[in-house]
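In what follows, chains are A, B, ... by sequence order, proteins preceding strands, each numbered from 1.
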2 protein chains.
Amino acid sequence: MSVLRYALLGLISKESRTGYELVAEFEHPIGNFWNALHSQVYPELSQMHQDDLINCVQVKQEGKPDKKVYSLTTKGYVVLQQWLNTFVKTPRTMRDEFMLKAYFMGEVSAKSARDQFESQLRDHEGRLQTLEESLTAFIQDQEGGPIRTNTAEFGRWLVVWKGIMTERTYVEWCRQALHWLEVGEVRPQMFR
Amino acid sequence: MSVLRYALLGLISKESRTGYELVAEFEHPIGNFWNALHSQVYPELSQMHQDDLINCVQVKQEGKPDKKVYSLTTKGYVVLQQWLNTFVKTPRTMRDEFMLKAYFMGEVSAKSARDQFESQLRDHEGRLQTLEESLTAFIQDQEGGPIRTNTAEFGRWLVVWKGIMTERTYVEWCRQALHWLEVGEVRPQMFR
DNA sequence: AAACCCATGTAACGCGTTACATGATTAT
DNA sequence: ATAATCATGTAACGCGTTACATGGGTTT
């Protein structure tokens with residue numbers, strides 16, 4: 001079973017959804033850590049229906065195309081729970097093309113390296129800001145009240161917060177790199 | 001041109017290499033951010049040779065199989081430089097299966113959620129330790145001297161240091177999650 | 001008039017993983 | 001004996017991206 005299947009089961013478990021809505025969901029915070037396009041989602045949903053993981057109800061609409069609303073079957077719920085309770089092995093590699101380029105930064109001019117890091121820094125500062133706004137909006141939705149750990153809101157909190165921490169780290173690293181490029185060297189004893 | 005091609009060009013640019021050595025290189029720090037198996041590397045090197053990006057010299061050996069040593073062509077060097085000087089668009093999604101699971105943690109029991117985070121925490125603590133050891137060894141290789149930013153060592157420093165920062169962040173996030181699971185809620189005003 | 005939203009599908013292609021395949025030498 | 005190292009390849013398969021395809025309704 002592919003990870004996409006579990007992602008879809010998880011999303012449908014919160015609420016019945018159409019393929020279109022599921023694709024849209026990947027624009028939201030979870031899209032920072034998993035996503036899929038409609039060309040992958042629609043065929044996958046068909047398969048999952050055939051495998052009795054989800055029910056399908058066709059709904060006629062006026063002024064809009066008809067839609068297929070999917071909901072979890074008992075089997076789908078069991079399969080989701082099974083996955084949620086299985087340990088994932090942390091993969092050795094988190095592919096990041098910029099980190100690969102960084103590995104070869106000794107090969108380029110100092111100016112070019114600076115340009116690269118400045119571009120990266122701007123990207124990640126932008127994403128950090130978006131995430132922080134998203135967190136602020138989320139906190140306001142909760143009206144300052146606590147988020148209970150056995151609710152769907154907790155999951156959202158966890159991923160947004162992780163996104164923020166990750167982007168802060170990226171920003172900090174870019175700034176350090178720019179500093180090292182300015183002085184032309186790293187004095188490693190600083191970081192022991 | 002695939003990213004793998006650039007990875008191989010970059011590695012070969014530092015020093016002529018065989019396919020076998022290139023695959024082994026992905027066990028080292030850069031493997032945290034990019035990797036490939038021999039079944040992908042060997043065919044790719046053949047293609048790159050056909051495309052005149054790399055030279056190939058067959059070397060006969062005794063007591064060992066023959067090997068093919070690849071080195072950069074002028075074209076290969078140009079193509080590498082071109083890539084190094086082009087801005088990469090930061091991808092929206094950094095796939096992370098555990099983050100996807102975290103998003104659905106409201107669906108499982110508190111005990112199960114704790115088990116999941118503890119397992120994750122152990123994994124990332126282990127990786128952090130390995131990276132810190134690798135950094136210590138690296139610093140000792142440099143005999144405490146500074147790392148100039150126009151050397152190959154700078155690239156290695158950058159990726160190892162980024163790995164450490166990333167793992168520290170992951171560890172910290174897991175610990176916070178475990179704390180929230182213990183008290184049963186998040187009080188979001190803490191993090192504004 | 002052009003662009004965007006809703007809503008669903010299929011087809012082609014490339015990258016990455018798993019598995020198949022060989023074989024001598026050296027270390028445990 | 002068993003496993004690991006050196007060294008290179010091919011084949012099958014699945015996931016994910018890009019592109020092809022349709023079409024009415026709404027907003028700019």
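Within the 4.0 Å cut-off from OP1 or OP2 of D:dT17, not a single side-chain nitrogen or oxygen of B:Arg92 is found. Listed pair B:Gln61 / D:dC6 fails the phosphate criterion, with no side-chain N or O lying under 4.0 Å from OP1 or OP2. For D:dT17, one of the phosphate oxygens OP1 or OP2 lies less than 4.0 angstrom from a side-chain nitrogen or oxygen of B:Arg95.
As a whole-Å value, the separation of B:Gln40 CD from C:dG16 P is 5 Å. Put simply, CD on B:Glu44 is 13 Å from P on C:dT17, counting in whole angstrom units. At whole-Å resolution of the value, NZ in A:Lys68 and C1' in C:dC6 are 15 Å apart. Between B:Asp66 atom CG and D:dG9 atom C1' the separation is 14 Å, expressed in whole Å. Here the P atom of nucleotide C:dG9 and the NZ atom of A:Lys67 are 14 Å apart, to the nearest Å. Following rounding to the nearest Å, B:His38 (NE2) and D:dC6 (C1') show an atom-to-atom distance of 12 Å. Atom-to-atom, CD of A:Gln47 to C1' of D:dG14 comes out at 12 Å; the value is rounded to the nearest Å. Protein atom OH of A:Tyr42 is 13 Å distant from nucleotide atom C1' of D:dT22, rounded to whole Å.
Set against C:dA7, C:dG16, D:dG16, the side chain of A:Leu4 has D:dG16 as its closest nucleotide. Candidate nucleotides D:dT8, C:dG23, C:dT17 were compared by shortest atom distance to the side chain of B:Thr18, and D:dT8 ranks first. Listed candidates were C:dC15, D:dT17, D:dA7. Nearest to the side chain of B:Ser2 is C:dC15. Closest approach to the A:Trp34 side chain among C:dT17, D:dA7, D:dG16 is made by D:dG16 (side chain taken as heavy atoms from C-beta onward). Distances were taken from every side-chain heavy atom of B:Tyr20 (C-beta onward) to each of D:dT18, C:dA7, D:dT8; the shortest belongs to D:dT8. Side-chain proximity of A:Pro43 to the nucleotides D:dC6, C:dT10, C:dC6 is greatest for C:dT10. If you check C:dA19, C:dC15, D:dA7 against the side chain of B:Ser39, the one that comes closest is C:dA19.
Salt-bridge check for A:Arg95 with A:Glu97: failed, with every basic side-chain N at 4.0 Å or more from each acidic carboxylate O. Looking at B:Lys111 and B:Asp115, a side-chain N of the basic residue comes within less than 4.0 Å of a carboxylate O on the acidic one, giving a salt bridge.
In this structure, B:Gln58 CD and B:Asp66 CG are separated by 7.0 Å, a value rounded to the nearest 0.5 Å.
Residue B:Lys64 is the one, among B:Tyr70 and B:Lys64, whose nearest nucleotide of DNA chain D lies closer to the 5' end (criterion: closest heavy atom).
For A:Tyr170 and A:Trp173, the ring centers sit closer than 6.0 Å to each other. Aromatic ring centres of A:Phe117 and A:Phe98: separated by under 6.0 Å.
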